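Bear in mind that the values here come from a model prediction, so they are computed numbers and not experimental data. Below, chain A is the first sequence line, B the second, and so on; all start at residue 1.
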Number of protein chains: 2
Amino acid sequence: MPTVPLSRETLLPALAAHVLEHGLGGASLRPLARAAGTSDRMLIYHFGNKETLIADLLGYIADIYSAALDAALGPQRPQTRQECLARILAEGRKPAMAAFLVLWWDIVAGSARGLPGYREAAQAMMTRQLAWLEGQMPEDDPDPAGGARYLMTLIEGALMLSAVGHGETAHEGLLASGLLRL
Amino acid sequence: MPTVPLSRETLLPALAAHVLEHGLGGASLRPLARAAGTSDRMLIYHFGNKETLIADLLGYIADIYSAALDAALGPQRPQTRQECLARILAEGRKPAMAAFLVLWWDIVAGSARGLPGYREAAQAMMTRQLAWLEGQMPEDDPDPAGGARYLMTLIEGALMLSAVGHGETAHEGLLASGLLRL
DNA sequence: CTGTCTATGTAGCGATTGCTACAACGCCAG
DNA sequence: CTGGCGTTGTAGCAATCGCTACATAGACAG
């Protein structure tokens, strides 16, 4: 079999798969290299140092996240905000999203702490998600921009509460808001 | 000067101060010990191993967080949900909360990843915050329990968006929700 | 053929990791 | 006085960390 040439681009998918499974915190060069079928020596050679490797990796992950979002998006718009919210929450409950979400909180934590590259990647993902959400707002919505931001705030809050075992709290809150029907 | 005896209880405040400044990710025994004026040797002696040290530390942090919440709570109740939300958001913007929030995202990430002790601590803090929020709901509120959960979801969403540089998005969303006045 | 440039393997550096073996200290019971 | 018990210091372990020096191999230009 022909061996593909190593480069940033060919390495990034395997690296992304590794951090999706094992997280960013414990991501050290040798395990990352093993996952990509190469050596720590070559990771440094191609990326210069670990910091830019992680930054590049986060950028790549932001890209594939956007692509996944586009793929998951059906062409049909919801008729109401309630339907829009319910559809997105259902998306977040899919098993394929679970690994992404776990990694997401690593990125949020890194962003809050100011680690290089984290905030840019997190911001890019949120910007993309916001644009997607705006496009998903009902056609007759009186304030699609504001509504999308409102839904976004609720969604992220619900995700966070779920991450700490308070999913039920978020669910009850959404019910009380009238945006979720029983 | 009399040296205070070392124990879990006397060590935890110094350890908490250290992780508040430097985070949980890079918290290793020797720096922790230095911050507490002792040695890694003694940390293991008193806590058994690092895992239970971190778990105990998270429990302690959850406690001081609750105490800080109680201290910040004025006896007067807000008259409206809007006032309640505004007051809490203002609380979250205080500089003293900044270090706490950075650490908080570490805890959320650990909880999402299933690290031992993280979910319990995060859940405890959220439970406490929810109880506090319920007590803060206006006296004539038609649904204090649901309203508190609704506000909580919005608040946590706003905090998360702020952590990734989308504070403006959350602000506009809250304005659109009608819960925040200009 | 020769030189140069890119890509890669091998080996190792000094630092740090969580943790432990061993000895010594002070205390209090007998 | 003695012996055990709880506490602490010193030293060190094997493993891992990010990174580098050095040699080598192949491709390609002159």
[X] has an atom [atom1]; how far is it from atom [atom2] of [N], in whole Å?
X     : N      : atom1 : atom2 : result
A:E51 : D:dC19 : CD    : C1'   : 14 Å
A:L43 : C:dA7  : CG    : P     : 14 Å
B:L11 : D:dT7  : CG    : P     : 12 Å
B:Y45 : C:dC25 : OH    : C1'   : 13 Å
B:I44 : D:dT8  : CD1   : P     : 15 Å
A:R30 : C:dG12 : CZ    : P     : 14 Å
A:L32 : D:dC19 : CG    : P     : 12 Å
A:R34 : D:dA15 : CZ    : P     : 14 Å

- prompt: Hey, any chance A:Y45 and A:F47 share a hydrophobic cluster, counting ILVMFWY side chains that come within less than 4.5 Å of each other, even indirectly?
  reply: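 A:Y45 and A:F47: separate clusters.
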task: Would you mind telling me which residue lines up with the more 5' stretch of DNA chain D, A:P31 or A:R41, judged by nearest nucleotide?
output: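 Nearest nucleotide further toward 5': that of A:P31.
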Proximity to the side chain of [X] - top-ranked nucleotide from [options]:
X     : options                : answer
B:S39 : D:dG9, C:dT20, D:dT16  : D:dG9
B:S28 : C:dT17, D:dG18, C:dC19 : C:dT17
A:K50 : D:dC19, D:dG12, D:dT16 : D:dC19
A:M42 : D:dT20, C:dG9, C:dG12  : C:dG9

message: Strictly below 4.0 Å, N to O, side chains only: are B:E91 and B:R87 in salt-bridge contact?
response: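 No, B:E91 and B:R87 are not salt-bridged.
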message: Does D:dT8 have its OP1 or OP2 closer than 4.0 Å to a side-chain nitrogen or oxygen of B:H46?
response: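 Yes, because at least one side-chain N or O of B:H46 sits under 4.0 Å from OP1 or OP2 of D:dT8.
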- prompt: How about B:E83: does its CD atom have over 12 heavy atoms from other parts shown lying under 6.0 Å from it?
  reply: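 More than 12 within 6.0 Å, yes.
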message: Between the base of D:dC19 and the side chain of A:D40, is one N or O donor paired with an acceptor at under 3.5 angstrom?
response: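 Such a pair is found, so the answer is yes.
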- request: Would you please test A:S66 and A:D63 for side-chain hydrogen bond (donor to acceptor under 3.5 Å, both in side chains) and show each step?
  value: CA-CA 5 Å; A:S66 295; A:D63 286 346; 5.5 Å; no
message: Working note: B:F100 + B:K94, criterion side chain to side chain contact (heavy atoms under 4.5 Å, CB included); need CA distance, chi angles, decisive distance, verdict.
response: CA-CA 11 Å; B:F100 231 150; B:K94 286 186 184 172; over 6 Å; no
